[in-house]
> 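Below is one structure. I have some questions about it.
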Amino acid sequence: MIKALRGMKDIFDSRFLKILDTAREVAENYGFDYIETPILEETNLFKRSVGESSDIVNKEMYQFTDKGGNDVCLRPEGTAGVVRSFIEHKFDRQATPKRFWYFGPMFRYERPQKGRLREFHQFGIESFGTANIYEDINIISMAADIFDKLNISYTLKINSLGCPKCMPVYKENLVKFLNEHKENLCVDCQRRITQNPIRTLDCKNESCRAILKDAPKITDNLCEVCENDFETLKNGLKNLGIDYEVDKNLVRGLDYYTKTTFEFISNEIGAQSAIAGGGRYDRLVEFLGGKPTPAVGFAIGVERILDLVESEEKRNGIYMGALVNEALDFILKEAKKLRSQEKVFVEPNTKSLRAHLKAADRGNYKKVLIAGEDELKKGEFFTKEL
Ligand code: HAM
């Protein structure tokens, strides 16, 4: 028997659509527009945006050469494709800010476990064209609204990675610290010292964590502008009643971030506890060849919150069935009218009343309309509420 690939799942759960509908409604109320980009992109797009030294690019890409000899890859995340599209369609040449929401599958060749799939879905948003920190507050508030609407509780963690002015100074301090402790760091962190030192800050290795507790923190090394923005961010969240924790090690696994980074964590779903992640990426548009355009965004992991969403197993819709074949035309005609208002299922096979009621009950319908010879003559239905 052929089965779905490891880490990939068939989806039947209607809560999936409930998440999409809720998130979409909130995003549209915040003034975001729909965008859908291709699932397959040039590999280089991800190498250059997510970063060559990131785990995603290094170890987790579904990368292959297509029949035309192009090096392509299934998207591991949504931001890079949206930025590519933003530049390609010359939105970077327009003065107005541009805000998008998207929903779709992402692919990472990770070791599957609870909450970690190889094909998973993200609901994401990207906001282009404003460097104002109030936009960061705005989008964090949007994510919080989505979780509130879905009745999901969370812890919000925030950090600032600084800007091209303060980050290099900080990196130098950090590299100095890391070199002093090099022998006791794991091989990955030893490699990160030269490749991407700030990624050592979220190493999962216990001995590295113990050492890095004493490492210099970026939030203690921010320039004046970044420091003020981080204060404004914290005050803005307080003002909206959104609780947060500052996590000085929250550097995130993608290389494009500057300034604000954040994650929403759930303590009800086990080890893979991040239900959303995002941040500011003011340099990525320019880095990918566009006009310098500040941007900020986030993505929610749909499968991670699926079990936290209440299912709507309430009875709904109408079940219609015939006791005799002659009643079917009458039933189909009535069903067509009723469908403008409600979900209507028509059972095309004739059955006994008892069998129809049983099928309607199993199908979770709210109401049953049955027609036999008598009903057909009178032009009405035998009706039962379930
Ligand atoms: P990310 O943190 O890599 O960020 O992913 C966002 C969310 O996707 C995670 O918080 C998690 O809920 C979910 N997720 C990630 N990997 C998996 C997996 N293997 N299985 C199931 N769920 C997963 C990004 O992707 C950025 N593009 C977010 C962003 C948008 N930043 C700025 N704009």
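Both ligands and their constituent atoms are indexed starting at 1 by order of listing.
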> Hey, is Asp229 close enough to Lys259 for a salt bridge, meaning N to O under 4.0 Å?
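Lys259 and Asp229: salt-bridged.
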> Using distance alone, determine whether Gly278 and ligand 1 share an N or O pair under 3.5 Å.
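In this structure, Gly278 places no N or O atom under 3.5 Å from an N or O of ligand 1.
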> Of the side chain and backbone of Arg116, name the one, both, or neither that has a heavy atom under 4.0 Å from an atom of ligand 1.
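It is both backbone and side chain that touch ligand 1.
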> Between Val296 and ligand 1, find which residue part has any heavy-atom pair under 4.0 Å and reply side chain, backbone, both or neither.
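For Val296, there is no contact with ligand 1 at all, from either part.
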> Which residue in the set Asp220, Asp214, Asp202 passes salt bridge (charged side-chain N to carboxylate O under 4.0 Å, His left out) when paired with Lys248?
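Considering Asp220, Asp214, Asp202, a salt bridge (charged side-chain N to carboxylate O under 4.0 Å, His left out) with Lys248 is found only for Asp220.
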> For atom 30 (C) of ligand 1, what is the nearest protein heavy atom, given as residue, atom name and distance?
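Answer for atom 30 (C) of ligand 1: Thr79 OG1, 3.0 Å.
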> Is the shortest distance from a Lys or Arg side-chain nitrogen in Arg199 or Asp188 to a carboxylate oxygen in the other one below 4.0 Å?
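Salt bridge: no.
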> Which residue from Glu110, Arg252, Glu77, Arg75 reaches closest to atom 1 (P) of ligand 1 through any of its heavy atoms?
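Considering heavy atoms of Glu110, Arg252, Glu77, Arg75, the nearest to atom 1 (P) of ligand 1 sits in Arg252.
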> Decide ring pair (Phe, Tyr, Trp, His ring centres under 6.0 Å) for Tyr365 and Phe345; before the verdict, give the C-alpha distance in whole Å, the side-chain angles of both, and the deciding distance to 0.1 Å.
CA-CA 9 Å; Tyr365 291 95; Phe345 169 77; 5.8 Å; yes
> For atom 20 (N) of ligand 1, what is the nearest protein heavy atom, given as residue, atom name and distance?
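Result for atom 20 (N) of ligand 1: Leu117 N, 2.9 Å.
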> Closest non-hydrogen protein atom to atom 5 (O) of ligand 1, residue and atom name please, with distance?
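In this structure, atom 5 (O) of ligand 1 has Gln122 NE2, 3.1 Å as its nearest protein heavy atom.
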> Heavy-atom distance to atom 21 (C) of ligand 1: which of Gly115, Gly301, Ala80 wins?
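Looking at heavy atoms only, the winner is Gly115.
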> Go through Glu373 and Lys377 one step at a time and tell me if the salt bridge (charged side-chain N to carboxylate O under 4.0 Å, His left out) criterion holds.
CA-CA 6 Å; Glu373 271 172 37; Lys377 268 187 221 148; 5.1 Å; no
> Of all the non-hydrogen atoms in the protein, which one sits nearest to atom 33 (N) of ligand 1, and at what distance?
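It is Glu126 OE1, 2.8 Å.
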> What protein heavy atom sits nearest atom 11 (C) of ligand 1, and how far off is it?
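Protein heavy atom with the smallest distance to atom 11 (C) of ligand 1: Arg304 NH1, 3.3 Å.
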> Heavy-atom pairs closer than 4.0 Å: do any link ligand 1 to the side chain of Gln272, the backbone, both, or neither?
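Neither part.
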> Please confirm whether the ring centroid of Phe330 lies under 6.0 Å from the ring centroid of Phe381.
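Yes; Phe381 has its ring centre under 6.0 Å from that of Phe330.
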> Please state whether the rings of Trp101 and Tyr34 are parallel, tilted or perpendicular, taking 30° and 60° as the class boundaries.
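Aromatic pair Trp101/Tyr34 classed tilted.
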> Do Glu286 and Arg283 sit within salt-bridge range, that is, some charged N less than 4.0 Å from a carboxylate O?
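No, Glu286 and Arg283 are not salt-bridged.
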> When you look for heavy atoms under 4.0 Å from ligand 1, do you find them on the side chain of Arg118, its backbone, both, or neither?
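It is neither part, as no heavy atom is under 4.0 Å.
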> Could you tell me whether Ala274 and ligand 1 have an N or O pair separated by under 3.5 Å?
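Indeed, backbone or side chain, Ala274 has an N or O that close.
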> Considering heavy atoms of the protein only, find what lies nearest to atom 26 (C) of ligand 1 and give residue, atom and distance to 0.1 Å.
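I find the closest protein heavy atom is Tyr256 OH, 3.3 Å.
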> Would you check whether Glu263 has a nitrogen or oxygen atom less than 3.5 angstrom from a nitrogen or oxygen atom of ligand 1?
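Looking only at distances, the answer is no, because the N/O contact criterion of under 3.5 Å is not met.
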> Who's closest to atom 32 (C) of ligand 1 heavy-atom-wise, of Gly297, Ala299, Ser266?
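Considering heavy atoms of Gly297, Ala299, Ser266, the nearest to atom 32 (C) of ligand 1 sits in Gly297.
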> Indicate yes or no: does Lys9 engage Glu303 in a salt bridge with an N to O separation below 4.0 Å.
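Salt bridge absent between Lys9 and Glu303.
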> Could you tell me how the ring of Phe264 sits relative to the ring of Phe262: parallel (under 30°), tilted (30 to 60°) or perpendicular (over 60°)?
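Plane angle over 60°, so perpendicular.
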> Against heavy atoms of Leu254, which atoms of ligand 1 measure under 4.0 Å?
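Checking each atom against Leu254, I get 3 (O), 4 (O).
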> Run Glu342 and Lys367 through salt bridge (charged side-chain N to carboxylate O under 4.0 Å, His left out) and show every step you take.
CA-CA 11 Å; Glu342 245 187 301; Lys367 198 172 176 183; over 6 Å; no
> How does Tyr257 reach ligand 1, by side chain, by backbone, by both or by neither, if only non-hydrogen atoms under 4.0 Å count?
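Side chain only.
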> If you have a sec, work out which protein heavy atom is nearest atom 18 (C) of ligand 1 and how many Å separate them, to one decimal?
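It is Phe120 CD2, 3.4 Å.
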> Would you call Glu172 and Lys176 a salt bridge, taking side-chain N to carboxylate O under 4.0 Å as the test?
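So Glu172 does not pair with Lys176 through a salt bridge.
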> Checking a contact table here: which protein heavy atom is nearest atom 28 (C) of ligand 1, and how many Å away?
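Answer for atom 28 (C) of ligand 1: Gly277 O, 3.4 Å.
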